[in-house]
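Every chain is numbered from 1 and lettered A, B, ... according to where its sequence line falls, protein lines coming before strand lines. Computed from a predicted model, the values in this text were never measured in an experiment.
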Amino acid sequence: MSENTIRVRYAPSPTGYQHIGGVRTALFNYLFARATGGKFILRIEDTDQERFTKDALEDIYTTFSWLGMDWDEGPDKEGPFAPYFQSQRTELYKKHIMDLVDRGEAYYCYCSSERLEAMREEQQKTKKGSGYDRRCRELSGVELEKAKAENPNPVVRLKIPLNGETSFDDILLGSVKRKNTDINPDPVILKSDGFPTYHLANVVDDHTMEITHILRAQEWVPSVPIHVILYKAFGWEPPKFCHLPMVMGKDGQKLSKRHGSTSLRDFKTEGYLKEAILNYIALLGWSFDDTREFFTLAELEKLFTIDKLNKSASTFDYKKLEWFNGQYIRQKSKDEVKNLILPYLKEDEKVAAVIDSDKGGEILDGVISLVHERLKLLKDVLPLTRFLFVDEVDFETEELIPKKMDALAAIKICEKIKELFGRFSDSDEENEAFFRAAADELGVKLGDLLQPLRVAITGSKVSPPLFESLGLLGMEKCIKRLNKAIDQLKA
RNA sequence: GUCUCCUUCGUCUAGUGGUUAGGACACCGGGUUUUCAUCCCGGCAGCAGGGGUUCGACUCCCCUAGGAGAUGCCA
């Protein structure tokens, strides 16, 4: 490893499913590493034992392998700085924390959570001060003995300097300064359960894992001074910081579940393509130039540069993502589309049964060309084509009647179409030709002629191209559905 | 409340002192079309406000306003 190899990390905590914002952070880290010939490290920050779930851990792996983002070091990969689970590094943290305590940079705090809570309430009421009152910072003698006796599981707090200021340089934000008196007074670095907090673990790991750049969301900016103080206390050189713009929902608040799907697994099940997701989120806070907006992951791995990053928050636009998705679906080959839509069709038992039957393959192939230009989300395929697989469809009588016509006229059209069915062929051109002739004969537009048929066959005024649909359905079912329409119109 | 960050069309963005402020999504109109969609063409729409600096500010500085984030023994 050369002296100046860039090393970045994505450090999720397995407490929930991978969120679009987190994935975007991971992407930028990954791209930065790939574009510079650096290393991308995955580190699992599982120091919160309360909120940890195995599901969430699993989701990290499935999400990134689905997206095709691989890490150079991390769980399940041998790396020079293993282990990559923070829960397996507690001895390391303890050693460093003890070192801090010994040198007077940190101290034990025996305050009970009840006292802390009461204090917070009081502060809220009187609107005075905020944060820990540092009662244990200078404890000694009998006071110390008494406190020790009261609480056998003390936490360790970091001493924030009582005056002066702390500053750091951010690649994007520039210089950020903060008075030490404005920093959270003495944050906890070792919890009573023996696990470190984020602040400590992140600093120790980034240093020992030789991380050169921290790319993470801007919500972390306020806690950087704490980290800087920690680096100083250890006598370490901090990495370079680069705080990424946040991803917001439509209402301008931090993107969360109430804005819609936010976890990658949700996006996947709704039928978003990874290509679309990757492409879209790469453009959330980053751009290449003034016009180009289509990028594959491989291209991004070459083109990404940190200086094209934007610093203002961006709101997540589902509409644009959908548009990208449609674009990528259309780029796929027939076979690819087939594999993509198959699971969505099979979600419906009746549809699945037909697909697995003798005629299944033929219908499925037909469906592809019907929907290829029409899908925005893969899940749309089922409602769009279900009528081709089931025995019967329901429809409103009103829908059968073209605008400015009545039931009688609609019946007349239906009767005419029944005649036309006798001449129905494999050629859409021929079919269209004599349907058109019939429309002229009846003095109606082709669109109007087709409306009752469309509704009778598909159950909706909106459908894939009709003639192809009729062919796929088979004349027998077509006639049956048309008769049903006539019955309904007569009733 | 306090601290920190942010501010170009509704949204994502290009722009780094001199541009008719460009592109994309969305939206609206038109064309192609058997509905829908695709596709093509066109349109609407923006530099938050106020002060400076300058021959000249979207671009630099200051103030105001607005927005967001943080303020945990969560990350």
K.L.:
Where the side chain of A:Asp182 is defined as all heavy atoms beyond and including C-beta, which of B:A68, B:C3, B:A70 is the nearest nucleotide?
P.N.:
B:C3
K.L.:
Nearest to the A:Arg374 side chain among B:U4, B:A70, B:A37, which nucleotide is it?
P.N.:
B:A37
K.L.:
Between A:Trp323 (CH2) and B:U11 (C1'), how many Å, whole number?
P.N.:
14 Å
K.L.:
Using a 4.0 Å heavy-atom cut-off across all strands, classify A:Pro187 as base, sugar-phosphate, or nothing.
P.N.:
nothing
K.L.:
With a 4.0 Å cutoff (strictly under), does any side-chain N or O of A:Ser314 reach OP1 or OP2 of B:U13?
P.N.:
yes
K.L.:
Can you tell me the Watson-Crick or wobble partner of B:A70, both distances under 3.5 angstrom?
P.N.:
B:U2
K.L.:
Quick one: label A:Pro225 by what it contacts on the DNA or RNA (base, sugar-phosphate, nothing), any heavy atom closer than 4.0 Å.
P.N.:
nothing
K.L.:
Within this structure, what is the CZ-to-P distance between A:Arg51 and B:C74, rounded to whole angstrom?
P.N.:
9 Å
K.L.:
Can you tell me how far C1' in B:C3 sits from the matching atom in B:G42, rounded to whole Å?
P.N.:
50 Å
K.L.:
Using the side-chain heavy atoms of A:Asp317, tell me which of these nucleotides is nearest: B:A75, B:U35, B:U11.
P.N.:
B:U11
K.L.:
How are the rings of A:Phe435 and A:Phe421 set to each other: parallel, tilted or perpendicular (split at 30° and 60°)?
P.N.:
tilted
K.L.:
Distance only, no hydrogens: is a donor on one side chain within 3.5 Å (strictly under) of an acceptor on the other, for A:Asn279 and A:Tyr328?
P.N.:
yes
K.L.:
Name the nucleic acid region contacted by A:Gly326, choosing base, sugar-phosphate or nothing; use a 4.0 angstrom heavy-atom cut-off, strictly under.
P.N.:
nothing
K.L.:
Check the phosphate of B:U35 against A:Ser460, side-chain N and O only, distance under 4.0 Å to OP1 or OP2. Yes or no?
P.N.:
no
K.L.:
Starting from C1' on B:A24, measure out to CZ on A:Arg292 and report it in whole angstrom.
P.N.:
14 Å
K.L.:
Can you tell me, in whole Å, how much space there is between the C1' of B:C60 and that of B:U53?
P.N.:
8 Å
K.L.:
When the P atoms of B:U16 and B:G22 are compared, how many Å lie between them, rounded to an integer?
P.N.:
14 Å
K.L.:
Are OP1 or OP2 of B:A68 and a side-chain N or O of A:Gln253 less than 4.0 angstrom apart?
P.N.:
yes
K.L.:
Hey, is A:Asp394 close enough to A:Lys484 for a salt bridge, meaning N to O under 4.0 Å?
P.N.:
yes
K.L.:
Does OP1 or OP2 of B:C39 have a side-chain N or O of A:Gln327 closer than 4.0 Å?
P.N.:
yes
K.L.:
Assess whether ring pair (Phe, Tyr, Trp, His ring centres under 6.0 Å) is satisfied between A:Tyr272 and A:Tyr280, documenting all intermediate values.
P.N.:
CA-CA 11 Å; A:Tyr272 285 94; A:Tyr280 177 68; 9.4 Å; no
K.L.:
Between C1' on B:U16 and NZ on A:Lys311, what's the gap in Å once rounded to a whole number?
P.N.:
12 Å
K.L.:
Let me spell it out: for each of A:Val462 and A:Leu173, pick the nucleotide of RNA chain B with the closest heavy atom. Which residue's pick is nearer the 5' end?
P.N.:
A:Leu173
K.L.:
Side chain of A:Arg178, base of B:C3: donor and acceptor closer than 3.5 Å?
P.N.:
no
K.L.:
Establish, with yes or no, whether the OP1 or OP2 oxygen of B:U8 is under 4.0 angstrom from a side-chain nitrogen or oxygen of A:Asn310.
P.N.:
no
K.L.:
Quote, to the nearest angstrom, the P distance that separates B:G23 from B:C40.
P.N.:
15 Å
K.L.:
Please classify the nucleic acid contact of A:Lys254 as base, sugar-phosphate, or nothing, using heavy-atom distances under 4.0 Å.
P.N.:
sugar-phosphate
K.L.:
In whole angstrom, give me the gap between the P atoms of B:G49 and B:C58.
P.N.:
10 Å
K.L.:
At 4.0 Å (heavy atoms only), tell me whether A:Phe435 reaches a base, stays on the sugar-phosphate, or touches nothing.
P.N.:
nothing
K.L.:
Students often get this wrong, so: under 4.0 angstrom with heavy atoms, is A:Lys461 touching a base, only sugar-phosphate, or nothing?
P.N.:
base
K.L.:
Quick one: A:Tyr280 OH to B:U11 P, roughly how many Å, whole number?
P.N.:
12 Å
K.L.:
Ignoring hydrogens and angles, state whether a donor on the side chain of A:Asn153 or A:Tyr110 is under 3.5 Å from an acceptor on the partner side chain.
P.N.:
no
K.L.:
Could you check which of B:C3, B:U34, B:C6 has an atom nearest any side-chain atom of A:Ser312?
P.N.:
B:C6
K.L.:
Whether A:Lys191 contacts B:C74 is assessed here as follows: a side-chain N or O lying under 4.0 Å from the phosphate OP1 or OP2. Is that the case?
P.N.:
yes
K.L.:
Passes side-chain hydrogen bond (donor to acceptor under 3.5 Å, both in side chains), A:Asp186 versus A:Tyr107? Steps please.
P.N.:
CA-CA 9 Å; A:Asp186 302 358; A:Tyr107 63 94; 2.7 Å; yes
K.L.:
Looking for any heavy atom pair under 4.0 Å, which part of the strands does A:Val155 touch: base, sugar-phosphate only, or nothing?
P.N.:
base
K.L.:
Please check the phosphate of B:A14 (OP1 and OP2 only) for any side-chain N or O of A:Ser287 closer than 4.0 Å.
P.N.:
yes
K.L.:
Checking base pairs now: Watson-Crick or wobble, both atom distances under 3.5 Å. What partners B:U59?
P.N.:
none
K.L.:
Considering only B:G69, B:U34, B:C74, which nucleotide approaches the side chain of A:Met246 most closely?
P.N.:
B:G69
K.L.:
Could you give the CZ-to-C1' distance, from A:Phe168 to B:U4, as a whole number of Å?
P.N.:
9 Å
K.L.:
Could you tell me if A:Asp205 and A:Gln86 have a donor-acceptor pair between their side chains, going purely by distance under 3.5 Å?
P.N.:
yes
K.L.:
Once you round it to whole Å, what is the distance between C1' of B:A68 and CG of A:Leu255?
P.N.:
14 Å
K.L.:
If you take atom types as modelled and just measure distance, does the side chain of A:Arg436 reach the base of B:U34 with a donor-acceptor pair under 3.5 Å?
P.N.:
no
K.L.:
Decide yes or no, distance alone: a donor-acceptor N/O pair under 3.5 angstrom between the base of B:C73 and the side-chain of A:Ser192.
P.N.:
yes
K.L.:
Which nucleotide, if any, forms a Watson-Crick or G-U wobble pair with B:U11, using both distances under 3.5 Å?
P.N.:
B:A24
K.L.:
Would you mind telling me which residue lines up with the more 5' stretch of RNA chain B, A:Gln86 or A:Val221, judged by nearest nucleotide?
P.N.:
A:Val221
K.L.:
Report yes if a side-chain nitrogen or oxygen of A:Lys308 is closer than 4.0 Å to either non-bridging phosphate oxygen (OP1 or OP2) of B:G15; otherwise report no.
P.N.:
yes
K.L.:
Using a heavy-atom cut-off of 4.0 Å across all strands, would you classify A:Leu446 as base, sugar-phosphate, or nothing?
P.N.:
sugar-phosphate
K.L.:
Would you say the side-chain atoms of A:Arg454 and A:Ser463 include a donor-acceptor pair closer than 3.5 Å?
P.N.:
yes
K.L.:
Could you measure between the two C1' atoms, the one in B:G67 and the one in B:G10, and give it in whole Å?
P.N.:
16 Å
K.L.:
Between A:Phe64 and A:Tyr30, does the ring pair (Phe, Tyr, Trp, His ring centres under 6.0 Å) criterion hold? Intermediate values first, please.
P.N.:
CA-CA 11 Å; A:Phe64 291 107; A:Tyr30 171 85; 9.0 Å; no
K.L.:
Base, sugar-phosphate or nothing for A:Lys177? Non-hydrogen atoms, less than 4.0 Å.
P.N.:
sugar-phosphate
K.L.:
When you get a sec, tell me which of B:U2, B:A26, B:G69 is the closest nucleotide to the side chain of A:Glu219?
P.N.:
B:G69
K.L.:
Do A:Ser287 and A:Arg292 meet the criterion of a side-chain donor-acceptor pair at a distance under 3.5 Å?
P.N.:
no
K.L.:
For B:U11, does OP1 or OP2 lie under 4.0 Å from any side-chain N or O of A:Lys320?
P.N.:
no
K.L.:
Across the strands shown, which category fits A:Thr47 at heavy-atom distances under 4.0 angstrom: base, sugar-phosphate, nothing?
P.N.:
sugar-phosphate
K.L.:
Consider the side chain of A:Thr315, meaning its heavy atoms from C-beta on, and name the nucleotide among B:A70, B:C12, B:A14 that approaches it most closely.
P.N.:
B:C12
K.L.:
Provide the distance between the two P atoms, one in B:C9 and one in B:U2, to the nearest whole Å.
P.N.:
29 Å
K.L.:
For B:G43 and B:C25, measure between their C1' atoms and round to the nearest Å.
P.N.:
16 Å
K.L.:
Round to a whole Å and report the spacing from NZ of A:Lys376 to P of B:A37.
P.N.:
8 Å
